[in-house]
Amino acid sequence: MDNRAIGIFDSGLGGLTALSALRELMPGENIIYFADSARVPYGAKSKKELMAMARQDLELMASFSVKLIIAACGTVSSNASRILESFPVPTVGVLKPGIRDMSLIPGEAPLGIIATQASIRAGAFRRELERLCPGREIIDLPCPRFVPLIESGHTGEDDPELKKAVEDSLAAAKEAGIAALLLGCTHYGLIAPAISAFLGEDVKLVSASRSAARAACLRLEQNGLTGGSGETLYYTSGDAGEFSAAASRLLARDIKARQLPVMEIKS
Ligand code: DGL
């Protein structure tokens, strides 16, 4: 039994997909969510910047005395895996759990991965899937237009700007006849209906956020670390009112986030 909270962080709204998945699995846990909205999008940052930001995000989470941290960010998970793995508080990223679930997709049709440009550039999603599914064709695509659209409220299946971005970004995946698509950026779960509408219901969408939530749940259960009172606190480095409004809309519940100072990267 351990009543300390679970920390979840992302660059913005995307990690809410991991939070929702974890809430379903573990309704009694306390959760602290941090959205680094002042610095979104992470996908446009360099590896060096992402490593520094990952460290800051982890230290911020640790300052809340959390028992486990979910890096609900594919960009951090793929660019700063060593930092996550060597951090003194146990961490779960979205890359390995997502790829593990993806590797279970049966058949021989190609497998698709979509993620931010920094994640695709790092190559870690592709390498990990190639290792688990040798010989299987993999299509990995960066989707730099998605996060700015999602952060500015374009999440509806029929939103014309989002529809166009989905068509342009996923044309190659559709052409290749993929069996499944890994949503390697946690933001993308928020536009899953628009993605499915374009690719068709036969293409299975694998949510790396859900995979990470399951991995976190298992880890806590196996180590006897479950416990809490079901409370969730939200923090953002961006505008608290804006984040609260967007998160309340997406989670369909009233959320009041608190503002934290913007973290600087020291060179
Ligand atoms: N949601 C994050 C990810 O999973 C970051 C997206 C971004 O800020 O570019 O990669």
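Every heavy atom of this structure was used, including side-chain atoms; hydrogens, water molecules and symmetry mates were not. Note that the numbering runs from 1 along the sequence shown for the chain. All ligand and atom numbering here is 1-based and tracks the order in the structure. Just so we're clear, the structure is a prediction, and the values are computed from it rather than from any experiment.
T17 and T186 are not linked by any side-chain donor-acceptor pair at a separation below 3.5 angstrom, with hydrogens and angles left out of the test.
One finds no salt bridge joining D159 and K163 here, because no Lys/Arg side-chain nitrogen approaches an Asp/Glu carboxylate oxygen to under 4.0 Å.
Note: F243 and Y33 have parallel aromatic rings, judged against thresholds of 30 and 60 degrees for the angle between ring planes.
At distances below 3.5 Å, at least one donor-acceptor pair connects side-chain atoms of E29 with backbone N or O atoms of G227.
Put simply, SG on C185 and CG on D10 are 7.0 Å apart, with the number rounded to the nearest 0.5 Å.
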Please tabulate protein-ligand N/O pairs under 3.5 Å for ligand 1, atom names and distances to 0.1 Å.
unit_1: ligand 1; atom_1: 1 (N); unit_2: D10; atom_2: OD1; d: 3.0
unit_1: ligand 1; atom_1: 1 (N); unit_2: D10; atom_2: OD2; d: 3.2
unit_1: ligand 1; atom_1: 1 (N); unit_2: T186; atom_2: OG1; d: 2.9
unit_1: ligand 1; atom_1: 1 (N); unit_2: H187; atom_2: ND1; d: 2.7
unit_1: ligand 1; atom_1: 4 (O); unit_2: G74; atom_2: N; d: 2.6
unit_1: ligand 1; atom_1: 4 (O); unit_2: T186; atom_2: N; d: 2.9
unit_1: ligand 1; atom_1: 4 (O); unit_2: T186; atom_2: OG1; d: 3.3
unit_1: ligand 1; atom_1: 8 (O); unit_2: S11; atom_2: OG; d: 2.6
unit_1: ligand 1; atom_1: 8 (O); unit_2: Y42; atom_2: N; d: 2.7
unit_1: ligand 1; atom_1: 9 (O); unit_2: Y42; atom_2: N; d: 3.2
unit_1: ligand 1; atom_1: 9 (O); unit_2: G43; atom_2: N; d: 2.8
unit_1: ligand 1; atom_1: 10 (O); unit_2: G74; atom_2: N; d: 3.3
unit_1: ligand 1; atom_1: 10 (O); unit_2: T75; atom_2: N; d: 3.0
unit_1: ligand 1; atom_1: 10 (O); unit_2: T75; atom_2: OG1; d: 2.6

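Legend: side-chain hydrogen bond (donor to acceptor under 3.5 Å, both in side chains) pairs involving residues 97-115, not counting sequence neighbours, sorted by first then second residue: D101-S211, D101-R214.
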